[in-house]
Amino acid sequence: MSADVFMQPGRLGRMAVIRLKPGEDLVGGVERAAAEAAFTFAMVRVAVGDLADAALGFGAGETAAVSTIEGPGVEILSLAGEVQPDEDGAPRAFLQGTVADSDAKVFGGAFLPGGNSVCTTAEIVLQEWLPEDL
Amino acid sequence: MRKTEHPGAPEPPRRIVLTGRAARDFRVVVPEGSDLLAGLSETLIAAGVRHAAIRLVRGTFSSLSYRTWRADESGARVAAYGLPVPVEGGATLLGGAAVLGQANNGGAAMHCRAIVADGDGDVQGGYLPHGLCIVGPGGVVAEVSALSDVGFGEYRDAETDSDLFQPVETTP
């Protein structure tokens with residue numbers, strides 16, 4: 001039998017509007033922004049912007065691989081994700097989506113920590129998630 | 001990971017974060033024949049929404065062009081947008097996002113990106129320019145989170161020599 005499905009009751013809370021400047025790592029920047037906003041849990045409502053280069057992971061286990069997309073100016077086309085606390089309570093961002101290179105070729109996957117440096121700007125809106133059981 | 005060197009000096013802080021109250025949400029349908037960005041921004045402004053986070057949910061475009069970044073051959077900036085690229089055969093929306101905020105001139109500004117399938121089913125996308133994204137049959141559906149207390153305001157960013165949004169505190 002597979003593991004039980006996890007269901008967490010809660011509600012959405014405050015919004016955080018964020019700008020990451022050039023050179024900020026997308027994943028690390030979202031984690032630091034969540035910490036600054038005092039969000040333990042959060043969901044990405046919107047993210048638009050561009051990256052100097054992009055590194056997107058896909059697959060799992062032996063089939064796991066990374067797409068590396070060279071910029072400058074890799075456009076973020078879509079992004080979804082959430083922030084969850086790690087075992088020490090620090091925010092960890094899990095972000096995935098699609099990007100386009102300068103030839104409009106589209107790539108998808110999970111944004112890898114340390115591999116997605118902002119080129120010009122990233123405009124992001126997070127919304128706090130408030131679990132009932134905490 | 002390659003870093004970029006912009007024309008201006010890096011200005012602290014490298015990350016700007018402002019928090020506000022939970023927003024009111026809207027489902028907006030932009031009808032066939034409308035320009036997407038004009039339809040969204042004019043409708044929201046008329047409803048009193050000046051700052052918003054927008055998710056493009058579904059829809060089609062009878063005509064759509066987008067722009068992607070290219071290395072700026074003039075050397076003035078790290079990158080610059082290329083000419084609009086038309087999508088052949090109409091476009092089916094696969095996803096996208098936009099931010100509505102206040103422009104330098106006090107009016108509305110919207111930054112929007114989308115990913116679409118073209119008439120052959122190939123996937124492409126980029127930055128959506130104003131006036132070049134005409135909604136097709138069935139309209140385009142968007143989920144809009146209106147922002148309270150905080151939002152985005154456009155300003156001239158000396159570091160990148162570009163007009164960019166940054167978080168701002170807003171008044172009702």
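Just so it is clear: chains get the letters A, B, ... in the order the sequence lines come, proteins before strands, and each one is counted from 1. Just so it is clear, the model here is predicted, and its values are computed rather than measured.
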Can you tell me which of Gly95(B), Ala97(B), Gly125(B) forms the most heavy-atom pairs within a distance under 4.5 Å of chain A?
Gly125(B)
Given heavy-atom pairs under 4.5 angstrom as the criterion, report whether the side chain, backbone, both or neither of Glu143(B) touches chain A.
neither
Portion of Leu94(B) that has a non-hydrogen atom of chain A nearer than 4.5 angstrom
neither
Just give me the residue among Ser145(B), Pro10(B), Gly20(B) that pairs up with chain A most often, heavy atom to heavy atom, under 4.5 Å.
Gly20(B)
Go through the atoms of Ala55(A) and report whether side chain, backbone, both or neither lie under 4.5 Å from a heavy atom of chain B.
neither
Can you say whether Phe152(B) sits under 4.5 Å from chain A via the side chain, the backbone, both, or neither, judging by heavy atoms?
side chain
With a 4.5 angstrom heavy-atom cut-off, could you sort out which part of Ile124(A) is near chain B: side chain, backbone, both or neither?
backbone
Can you tell which of Val168(B), Asp149(B), Thr160(B) has the highest number of heavy-atom pairs within less than 4.5 Å of chain A?
Thr160(B)
Sort Ala98(B) into side chain, backbone, both or neither according to what part of it lies under 4.5 angstrom from a heavy atom of chain A.
backbone
Reported NE2-to-CG distance for the pair His6(B) and Asp157(B), which is rounded to 0.5 angstrom:
8.5 Å
Count the heavy-atom pairs under 4.5 Å between each of Arg55(B), Gln124(B), Gln166(B), His51(B) and chain A, then report the option with the highest count.
Arg55(B)
I need the minimum non-hydrogen distance between Leu147(B) and Gly151(B), along with the two atoms involved.
CD1-CA, 4.0 Å
Atom pair CZ (Phe111(A)) and CD1 (Ile76(A)), whose distance is rounded to the nearest 0.5 Å:
5.5 Å
Presence of salt bridge, Glu75(A) and Arg113(B), under 4.0 angstrom
yes
Heavy-atom distances under 4.5 Å only: say whether Arg67(B) touches chain A with side chain, backbone, both or neither.
backbone
